[in-house]
Amino acid sequence: MGTPQFLLDLDGVATIPHAEQIPGSARDWYSVGRWAAISDDDTTVTIVPVDAPLIQVGGITTGTWGTRNKPHDATLVSWVLNNHWHTNFRASQGGEIVSRYLLTSDDRCHDSVASSRFAAETVVPPIVGLAREVSQHATGSLVTLEPADKGMLWFKPAEDGRGVICRVQNLACEPVRYLLSFQVGTIEVADFTSPTEDDTEALSVISGESVEFSVRPRSIQSIRLQLASPVEGRER
């Protein structure tokens, strides 16, 4: 690679080490959430250290805590085991130890959404459920998010049983306006919610199947969707 640029998944946010740290914060080790990436103007390599999230950037940098250590070497060091401190760690570890790493590359500058999606798809197994009373010929996607390359999308049942909670994460450094569309069923009610699922503001539903909204830079927006039963036999 040419001059390396590092981007790390820290607490779910794509962060530039050193450049986006406050003075005096640690630069020796980083504990990544799911992935770390190195890029130059032509290539990006994303690494998912499944079992060993403690890493160093630019080589072995132990002892540079609290100083500005801008790496010039396109190297990521993964600490499979740790013998630098013993608090909350066993003094010794024996037996067979398996450490898994997943890698991918891309011929473009770094895209934090692509790295996040690769990591999510490789470390989170697919959920398989039994479909009842559905035509064997029905195929397609449950939901779409546009622009697809600008955000991450999660769903969960609402804690109070009222519909589902959709969380859209904008990993970009600028606001993004999204269109979320259900391909099966009808959206009856849509509301912005707080992280604790308290409704805050009603959303307009477009043609019974879509909602449009903006998400601030590097933020997560939660939305409650209450759906009618899927239309039997409807295909997209």
Side-chain angles (χ1 to χ4, degrees), residues 3-27 30-48 53 55 57 68-71 76 104-124 143-156 164-182 187 190-206 210-225:
T3 302
Q5 298 176 341
F6 292 87
L7 202 63
L8 309 178
D9 171 20
L10 301 180
D11 295 325
V13 177
T15 304
I16 302 172
H18 314 293
E20 295 187 301
Q21 290 184 243
I22 61 174
S25 57
R27 291 168 169 81
Y30 297 91
S31 181
V32 298
R34 285 181 174 170
W35 57 267
I38 314 173
S39 66
D40 56 16
D41 293 334
D42 302 313
T43 306
T44 295
V45 176
T46 299
I47 303 171
V48 182
I55 66 168
V57 300
R68 183 168 182 83
N69 176 32
K70 187 174 182 180
L76 281 171
T104 190
S105 60
D106 201 345
D107 57 352
R108 57 181 172 177
C109 293
H110 185 253
D111 182 346
S112 58
V113 175
S115 291
S116 297
R117 182 172 290 119
F118 170 73
E121 290 175 349
T122 52
V123 302
V124 179
V143 63
T144 59
L145 180 70
E146 299 176 1
D149 60 343
K150 296 292 185 181
M152 296 285 289
L153 179 64
W154 293 270
F155 281 95
K156 66 175 290 292
V164 296
I165 300 297
C166 165
R167 292 196 170 103
V168 177
Q169 182 178 17
N170 175 13
L171 293 165
C173 295
E174 62 277 342
V176 175
R177 190 158 187 83
Y178 295 100
L179 181 68
L180 177 69
S181 302
F182 266 80
I187 302 174
D191 295 280
F192 283 133
T193 76
S194 69
T196 55
E197 303 183 16
D198 296 317
D199 295 344
T200 59
E201 180 183 348
L203 272 168
S204 298
V205 180
I206 305 170
S210 303
V211 290
E212 193 173 13
F213 54 92
S214 294
V215 181
R216 293 178 297 176
R218 291 181 168 180
S219 298
I220 297 176
Q221 178 62 62
S222 298
I223 299 171
R224 182 193 305 275
L225 299 173

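Side chains included, hydrogens not; waters and symmetry mates left out as well; all remaining heavy atoms used.
Atom-to-atom distance recorded for Gln169:CD and Trp154:CH2 is 4.0 Å, nearest 0.5 angstrom. Rounded to the nearest 0.5 Å, atoms CZ (Arg34) and OG (Ser116) are 8.5 Å apart. A distance of 4.5 Å separates OG in Ser210 from CG in Leu179, rounded to the nearest 0.5 Å. From Cys166, atom SG reaches atom CG of Leu225 across 6.0 Å, with rounding to the nearest 0.5 Å. To the nearest 0.5 angstrom, Asp107 atom CG is 7.0 Å from Thr43 atom OG1. Note that the CD atom of Gln5 and the CG atom of Asp40 stand 8.0 Å from one another [nearest 0.5 Å].
No donor-acceptor distance shorter than 3.5 angstrom exists from the side chain of Ser39 to the backbone of Thr44, with no hydrogens or angles considered.
Ala36 pairs by the side chain to side chain contact (heavy atoms under 4.5 Å, CB included) definition with Leu8, Val32, Ile55, Leu76, not counting sequence neighbours. The side chain to side chain contact (heavy atoms under 4.5 Å, CB included) test applied to Ser105 returns Val45, not counting sequence neighbours. The side chain to side chain donor-acceptor pair (under 3.5 Å) test applied to Asp106 returns Arg108, not counting sequence neighbours. Under the rule for a side chain to side chain contact (heavy atoms under 4.5 Å, CB included), the partners of Asp198 that lie at least two apart in sequence or sit in another chain are Ser194, Thr196. Applying the side chain to side chain donor-acceptor pair (under 3.5 Å) criterion to Thr144, with sequence neighbours excluded, gives Gln183.
Between Leu10 and Ser31, the shortest heavy-atom distance links the atoms CD2-O, 3.7 Å. When all heavy atoms of Pro147 and Tyr178 are compared, the closest pair comes out as CD-CD2, 4.0 Å. For Asp191 against Ala202, the heavy-atom pair with the smallest separation is OD1-CA, 3.3 Å. Of all the heavy atoms in Ser115 and His110, the pair that sits closest is OG-NE2, 2.9 Å. In this structure, Thr193 and Thr200 approach most closely via the heavy-atom pair N-OG1, 3.9 Å. The two residues Val113 and Lys150 have their closest heavy-atom pair at CG2-C, 3.9 Å.
Taking 4.5 Å as the limit, some side-chain heavy atom of Leu153 sits within range of a side-chain heavy atom of Leu180.
Between Phe155 and Phe182, the ring planes lie perpendicular to each other; the angle is over 60°, past the 30° to 60° tilted range.
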Under 3.5 Å, which donor-acceptor pairs link side chains of residues 211-219 to any protein atom two or more places apart or in another chain?
unit_1: Ser214; atom_1: OG; unit_2: Arg177; atom_2: NH1; d: 2.9
unit_1: Arg218; atom_1: NH1; unit_2: Glu20; atom_2: OE2; d: 2.9
unit_1: Arg218; atom_1: NH2; unit_2: Ala14; atom_2: O; d: 3.0
unit_1: Arg218; atom_1: NH2; unit_2: Glu20; atom_2: OE1; d: 3.2
unit_1: Arg218; atom_1: NH2; unit_2: Glu20; atom_2: OE2; d: 3.2
unit_1: Ser219; atom_1: OG; unit_2: Pro217; atom_2: O; d: 2.9

